[in-house]
Structure formats: C-alpha cells, structure tokens
Amino acid sequence: MPMSDLGVAALDGVPGVTAPKITDTIREDAIFSFVWSGPGMPKVTDEYLQGFGLSRVE
C-alpha cells in the first residue's frame, strides 16, 4: 500500500474526521485535507501516526 493511501486510512480512523483525501504531494511527503465534525480542534498525535509508520512534517 502506498504511504499516501496509508495516511488517508490513518486519518479515516480518527473520531470526528470524515472525507480525508490527499490534496498534494511534494517528493515523498503528502498533504492531506479532511472535514472535521468533532468538538474543538482535531488532535492526531505523533504516537498515533507512528502506529501506521507515518510521521508529521511541519
């Protein structure tokens, strides 16, 4: 499975996140967007991402 597809799957598992999709790729990095319907700001921890073999790029 491509890492970008894995990122979509990881975001899809976050409560309150709907319609995650890849909006751009830059070399081996991917930029994602999603609809947030949860309370407050979405929280996707580094530990959660690491569970999928992913990391945050800022």
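Just so we're clear, the structure is a prediction, and the values are computed from it rather than from any experiment. If you read the sequence from its start, that first residue is 1, and numbering goes on from there.
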Item to complete: Begin from the C-alpha positions of Val14 and Tyr48 and carry the test side chain to side chain contact (heavy atoms under 4.5 Å, CB included) through to its verdict.
Response: CA-CA 9 Å; Val14 175; Tyr48 178 78; 3.7 Å; yes
Item to complete: Nearest 0.5 Å please: distance from the CG atom of Leu6 over to the CG atom of Leu49.
Response: 10.0 Å
Fill in: Ile31: which of Thr25, Ile22, Asp24 passes side-chain contact (heavy atoms from CB on, under 4.5 Å)
Asp24
Worksheet item: How far apart are the C-alpha atoms of Val17 and Trp36, what are their side-chain angles, what is the distance that settles it, and do they pass the side chain to side chain contact (heavy atoms under 4.5 Å, CB included) test?
Response: CA-CA 5 Å; Val17 168; Trp36 176 247; 3.8 Å; yes
Fill in: Nearest heavy atoms of Phe34 and Pro20, plus distance in Å
CB-CA, 3.9 Å
Fill in: Beyond-backbone contact of Ser33 with Lys21, side-chain heavy atoms, under 4.5 angstrom
yes
Worksheet item: Who are the ring pair (Phe, Tyr, Trp, His ring centres under 6.0 Å) partners of Phe32, not counting sequence neighbours?
Response: none
